[in-house]
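Structure, as structure tokens:
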Amino acid sequence: MTVAKRTFDAVIVGAGGAGLRAALQLSEAGLKTAVLTKVFPTRSHTVAAQGGVAASLGNSTEDNWHWHMYDTVKGSDWLGDQDAIEFMCRKANEVVVELEHYGMPFDRTDNGKIYQRPFGGHSQNYGQSPVSRSCAAADRTGHAMLHALYQRNVRANTQFFVEWMALDLIRNADGDVLGVTALEMETGEVSIFHAKATIFATGGAGRIFHSSTNAFINTGDGLGMAARAGVPLEDMEFWQFHPTGVFGAGVLITEGVRGEGGILRNASGERFMERYAPNLKDLASRDVVSRSMVTEINEGRGCGPDKDHVLLDITHLSPETIMKRLPGIREISIQFAGVDPIKAPIPVVPTAHYQMGGIPTNYKGQVVAPKGGNPNAPVIGFYAAGECACASVHGANRLGTNSLLDLLVFGKSAGESVVADLTSGNLSLKPLPDDAADMSLARLARLEGQTNGESVFDVGLEMRRTMQKHAGVFRFDNLLKEGVTQILAVAERAKRTGIKDKSKVWNTARTEALELDNLIEVAKATMVSAEARKESRGAHVRDDAPDTSEFPNGRNDNEWLKHTLWYSEGNRLEYKPVTMKPLSHDVEPIALAKRTY
Amino acid sequence: MSKRTIQLKMYRYDPDKDDKPYMQDYTLELEPSDKKLLDVLVRLKSQDDSLSFRRSCREGVCGSDAMNVNGKNRLACLTDIDGLPQPIVLRPLPGLPVIRDLIVDMTQFFKQYHSIKPYLINETPAPERERLQSPEDREELNGLYECILCACCSTSCPSFWWNPDKFVGPAGLLAAYRFLADTRDEATSERLDNLEDPYRLFRCHSIMNCVDVCPKSLNPTRAIGKIKDMMVSRAV
């Protein structure tokens, strides 16, 4: 197969919120930029975000970024890096106001400002009372944001390669990143995108789980590419289970429903969150709410004939409020739960939603990895932002609305870093190694030649079931140990996948096989990292690490206040320190404490 | 409980091996969790991996899986299989070139969308904080900004079938009105000039297929009417 070469200043992989925000920086700086995306940009998963984006604008309740920073550090169960968290919370107003200037149709307050609603884990005055911090466009904030960002890129003449799937990261002998290989889906042709800078904005991998709010495309392509190229993945044991996925279908019901006054109820109609989080109740942070729901179900207080879900009740809200603030939720509920929430509560269950971990970066969006004794040495030419990256601002548990903020702040920051590094001459076009495309071509050739291969569908199903059973909301030592064995066995099967469709043109069987390669890397990283972490923290809660006076909430800061780094080769684990020091010397660190809501 | 089965008749075409398109019949056994047409397609693909279609969010917000179902353009993920007459006849969206199976070439559709300058134009230096907009003015954008660019509307419009290169089509015109209706946008007359043409706007004959098929219950015909009203009122 011949491999065409294309040369750019920068290549961005992914055109969701983070990729589009980064692309704007580069296009507006006049750099020759290629944005590769396996779906048309407005089909990226950012489109499905609902409830809002966090910023301490204070439009309806008093607020400031210090409170936001405190909430985010506490929400992260202290695993978040405080320099990156300070950076993100301080930048929030700027990037949200920019979006408004780009034309994003935010809802408005009576005095014409951006409408803000309360959200889980966000508080006034260091945990005292809920705050309206989530800037919203009805319950379609992600859609409104993604379209506004795409539209701004149309204005900026950004060059998109639509329906191109990136295959592998290209590195030279020094480990510098020189671009990617990519497959044009319409023709099946492989090209090398040779660039001075490469930004990954490929989103999450929620499709490793059987029950997931995530889109089909969320297959962790960037993580798979990074892992195969020897870049470690950070904190992959931390997965957010969103409290309110539609029971059965898994489709997301925004936390904004509870922000607008929605209440979770068990079989007897009790508002059970009052027992688990007396202060913030239904607006406690997501890990806490999800665990409370599963506890209710496990203790026999679930709803329905099988007592396997709980109910999200908004029947006490006025139909006008629901139609105005939650119109999309009403549509989803009618479509996927068969329930009109104006009249009856929605059946919900915790559902895999967001990956807190990812490709390790610093707050500038540079990818970092241990080198020569420095745990955070930049990988030259490589940047990442959004859900695929781990800055780390979400630590062990992300607050709702911080994901859209993350992709704006770090998309922009990664873009700015690339512009700075290119204009200062720090980055140059380095010669491609002769074998630049070999790994990708070998993967394609194997699929082409594989006979009697394993079904991609079957192996994928086995992976999703294994992850669901062994790495769910509550984790158990024996299940994790078995899970490691089983996921490694699934990974072996994934090496022998075969496809019957050999067409060059829009071969989705091939795409799905290549995606499975990426998912498997993420699944291994998750299971191996989770098995090794012998404490409870944030979304990672082990049965054998319970809440005790010595270890509040089961958290063991002496041994486990550290980031996991997983390497694909040999499933090796390393650890690196958490940055407890904020970015600015005049900002006080948020001291370790027990998390209560 | 006996297994449910479903009959489908599907448009198939792979330019790599087929001289011409054909219709293929399928009978499929369903699982209890298969409720939407997309569930059926995903299950079918697990048995015949050569079947090609776009899909992503599976909740009606990304706009990937638009297709012609029993003669009507719809999103597979929002289409209940219960109640659909069988065999369910699936074809690609009409009026656009077919690449393969249910996958169409949407170049012309997006070209028309891009032609209306689908971005806010406001050259006044931006304030430090948000531009203010009253809730009433913001309400004008409801029913406009929610478009997911699935192309159900434009590819059900006879005017777009005949002149896809000259008529902007319902999706593009809905987007044009979304910016005309935005109090923050300053390019009203430029936008109207851009549509002042026998084809771009005025090929809409209010057939209203667009309204009938929109999976988000939007009303492009009404938006087009409003643009025509703006044209008239600036002429007098």
Side-chain angles (χ1 to χ4, degrees), chain A residues 39-40 42-45 47-48 57 93 96-98 100-103 105-115 137-138 140 142-144 147-148 150-152 154-155 186 215-217 248-249 251-252 328 331-332 335-336 455-458 499-509 512, chain B residues 14-17 33 35-36 42 45-64 78 80 99-101 103 105-106 110 114 117-122 126-135 137-138 141-142 145-149 178-179 182 184-185 216-217:
Chain A
V39 295
F40 184 79
T42 62
R43 320 236 186 268
S44 308
H45 194 53
V47 82
L57 292 168
N93 289 5
V96 168
V97 166
E98 263 171 7
E100 194 284 324
H101 294 162
Y102 295 166
F106 284 108
D107 284 6
R108 299 290 171 156
T109 61
D110 286 341
N111 55 14
K113 294 178 178 175
I114 293 173
Y115 170 78
R140 306 185 178 103
H143 170 278
H147 281 252
Y150 176 67
Q151 291 161 352
R152 187 74 176 187
V154 172
R155 182 180 185 262
E186 187 176 337
F216 281 103
I217 56 169
V251 175
L252 174 69
E331 277 174 37
I332 284 175
Q335 271 282 347
F336 294 97
S455 141
V456 174
F457 184 85
D458 291 346
I499 52 176
K500 295 190 191 81
D501 186 358
K502 305 291 185 187
S503 175
K504 286 206 162 310
V505 180
W506 249 100
N507 186 331
T508 48
E512 288 180 20
Chain B
D14 176 0
D16 225 15
K17 65 180 179 63
S33 60
K35 297 199 166 86
K36 303 290 183 187
V42 169
K45 188 166 174 60
S46 73
Q47 297 170 16
D48 176 358
D49 72 4
S50 71
L51 179 61
S52 300
F53 53 94
R54 295 187 177 102
R55 85 283 179 269
S56 182
C57 75
R58 61 81 169 88
E59 58 189 67
V61 69
C62 79
S64 298
L78 294 186
D80 285 315
I99 300 174
R100 179 177 174 179
D101 295 347
I103 294 170
D105 181 348
M106 296 184 74
F110 288 122
H114 293 153
K117 300 198 174 175
Y119 42 83
L120 194 81
I121 298 175
N122 184 326
E128 204 161 293
R129 287 286 297 254
E130 66 263 50
R131 291 193 172 98
L132 300 180
Q133 185 174 48
S134 72
D137 286 342
R138 165 61 183 78
L141 307 182
N142 286 348
Y145 82 95
E146 301 94 325
C147 173
I148 58 174
L149 298 175
R178 177 251 172 274
F179 290 100
D182 196 323
R184 299 169 297 172
D185 192 89
K216 305 310 282 183
S217 307

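Chain letters run A, B, ... following the sequence lines, proteins first, then strands; residues in each count from 1. Keep in mind that the numbers below use all heavy atoms, side chains included, and drop hydrogens, waters and symmetry copies.
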Strictly distance-based, threshold 3.5 Å: is any side-chain N or O of B:Asp49 a donor or acceptor partner for the main-chain N or O of A:Ile499? no
Going by the angle between their ring planes, with limits at 30° and 60°, are B:Phe110 and A:Phe40 parallel, tilted or perpendicular? parallel
Any donor-acceptor pair under 3.5 Å linking the side chain of B:Arg138 with the backbone of A:Gly112? no
More than 12 foreign heavy atoms under 6.0 Å from NZ of B:Lys35: is that the case here? no
Considering all heavy atoms, the nearest B:Glu146-A:Arg140 contact: CG-NH1, 3.5 Å
N-O pairing of A:Glu512 and B:Arg55 below 4.0 Å: yes
In terms of heavy-atom pairs under 4.5 Å, which option from B:Lys117, B:Arg100, B:Lys45, B:Glu128 contacts chain A the most? B:Arg100
Between A:His143 (side chain only) and B:Cys62 (backbone N and O only), is there a donor and an acceptor less than 3.5 Å apart? no
Is A:His147 close to chain B through its backbone or its side chain, or both, or neither, when contacts mean heavy atoms under 4.5 Å? side chain
Does any N or O in the side chain of B:Lys36 come within less than 3.5 Å of the main-chain N or O of A:Gln335, such that one atom is a donor and the other an acceptor? yes
Can a donor-acceptor pair be found, under 3.5 Å and without considering hydrogens, that links the side chain of B:Arg184 to the backbone of A:Glu100? yes
For A:Ser503, is it the side chain, the backbone, both or neither that has a heavy atom under 4.5 Å from a heavy atom of chain B? both
Return yes if some donor-acceptor pair links the side-chain N/O of A:Gln151 with the main-chain N/O of B:Leu120 below 3.5 Å, else return no. no
